[in-house]
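Note that the structure is a prediction, hence the values are computed from the model and not measured. Indexing begins at 1, ligand by ligand and atom by atom, following the structure's order.
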Amino acid sequence: MTDLEEKAYEVLRRNRVEGEGFAYTRPGGRYKHQFFWDSCFHAMVLRHFDTAFAKKELFALFQFQEPSGFVPHLSYHFDQWEAQLFWGRPHSSGLIQPPIVAEAVWAVYEIDPDKQFLQEIYPKLAAFYRFLLTVRDHDQDGLFSYVHPWESGWDQSIEWEFAFRGRQWLTKQWRTRFWLMTLPYRRVDWDQKIMMEQSRFHVETVDGNSLLSVNLAYLTKIADALGKRGEAGEWREGARSVERAVLSALWDGETFSDHYLVKGVHDVIRKRTPVMFFPLLLPSLSKDQKKKLIDTLVGEFLTVSWPIPTAAPAEPHFNPEAYWRGTTWMNVNYYVIRGLLQQGEKELAKDLIELSVRLVARSGFREYYNPFTGEGMGAHDFSWSSLVVDLLKRVK
Ligand code: GLC
């Protein structure tokens, strides 16, 4: 093990939570419960050290899956009264997070080809992705929606200012505002269908849908490995149709943008954030789209010392110290770098990996970083910053 690997594994072990019938890794800092996409990232790193634990962590994600296929973004395996207090329901939140669990399952299986693991987890995965493609694609345009900023995982991104009609002063109270946004959902007992109908925050994101397409492609591989030809065919078609929708509907000729729906009509969120780079992960991206994305990446985002900032420095509300509004996050770097690798941009990908590794080496496994000074911020010993280990393995 390299020094970096040892340190990463140590952080992941320190954040372990094990109890009767469950095991997972805490994100770090003040977060003690299980978060959906965090656990997927943990599994992608843990697979290099301890596949048995990675599998347990992935199973724990489905503990509170509902018959509709819904899987919560936050699972409370203990202190469940907190869920009741915060969300008005037992055990979990009623929101989702970026749907990256199929790729995490496949990543673990690649290193530890355990068919029984695939067999046991497949029905859960299938139900979850069906839920996204049906209930969560309310207007059936091939793109699923988030109904709350927390679902994106980019909590306070400038992307969500539209919900406050640009009133920047609300930023400081966003946590409360966002909690207030959950009240109408409590009133309908978190019925996902009604939530979709009534939500005033109804967003089809570039990153979420690119990740959905990528994950449906991994689900295809899983179904194939299990000999489920028919289902594999359905998932393959699903991956392609989401990909087509992202590459056409969310592209305006120059860039990709999130859309929000107002009374069924699409409106475009014109913000410069790295969500626009997630289509680099898609195999059918055109040459023109790829060129424009890479020019923007280099010209607008790689101008800082420690990329990639979560908002372009030229954005009026860019803030190098604020949560998701300009700070650098390892999971964003992870996907943009994987996108560059997918597009054959190995040199640029390697440069960004090197910078990411250096950032973690000098400032530690922190929750996020100042893109100018490299100073670490937020939680210490933050589990998903260990993703640099997986990135290094991908270019070996
Ligand atoms: C914050 C982040 C979210 C993450 C969670 C736990 O809410 O915005 O993306 O999953 O913390 O790390």
Candidate pair Ser199 and Tyr185, rule side chain to side chain donor-acceptor pair (under 3.5 Å), full reasoning | CA-CA 8 Å; Ser199 176; Tyr185 302 149; 3.0 Å; yes
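Shown in contact with Phe382 at under 4.0 Å from a heavy atom are these atoms of ligand 1, numbered in order with element: 12 (O). For ligand 1, the atoms sitting less than 4.0 Å from at least one non-hydrogen atom of Trp324 are 2 (C), 8 (O), 9 (O), numbered in the order shown with element in parentheses. The contact set between ligand 1 and Trp37, taken as ligand atoms under 4.0 Å from a residue heavy atom, comprises 3 (C), 4 (C), 9 (O), 10 (O).
A salt bridge does not link Lys393 with Glu110: every distance from a Lys NZ or Arg NE/NH1/NH2 to an Asp or Glu carboxylate oxygen is 4.0 Å or more. Here Glu161 pairs with Arg325 in a salt bridge; the nearest charged N to carboxylate O distance falls below 4.0 Å. With respect to Arg47 and Glu57, no salt bridge is recorded, no charged nitrogen being found less than 4.0 Å from a carboxylate O. Of the charged side-chain nitrogens involved, none lies within less than 4.0 Å of a carboxylate oxygen, so that Asp258 and Lys271 do not count as a salt-bridged pair.
Under a cut-off of 6.0 angstrom, the local environment of NZ in Lys7 is sparse, with at most 12 non-hydrogen atoms contributed by other residues, nucleotides or ligands. Around atom CD of Gln116, no more than 12 heavy atoms belonging to other residues, nucleotides or ligands sit under 6.0 Å away.
Between Trp329 and ligand 1, no pair of N/O atoms sits closer than 3.5 Å. No N or O atom of Glu367 sits closer than 3.5 Å to an N or O atom of ligand 1. For ligand 1, one of its N or O atoms has an N or O atom of Asp38 under 3.5 Å away.
Of the protein's non-hydrogen atoms, the one nearest atom 3 (C) of ligand 1 is Gly153 O, 3.6 Å. If you check which protein heavy atom lies closest to atom 7 (O) of ligand 1, you get Asp155 OD2, 2.9 Å.
At a heavy-atom cutoff of 4.0 Å, ligand 1 is contacted by no atom of Trp154, backbone or side chain. When non-hydrogen atoms are compared, ligand 1 lies under 4.0 Å from the side chain of Tyr323 (C-beta onward) but not from its backbone. Counting heavy atoms under 4.0 Å from ligand 1, residue Gln97 touches it through the side chain alone. Contact annotation for Trp150 and ligand 1: no heavy atom of the residue comes within less than 4.0 Å of the ligand.
Phe64 does not carry Arg89 over the face of its six-membered ring by the limits of under 6.0 Å from the centre and within 45° of the normal.
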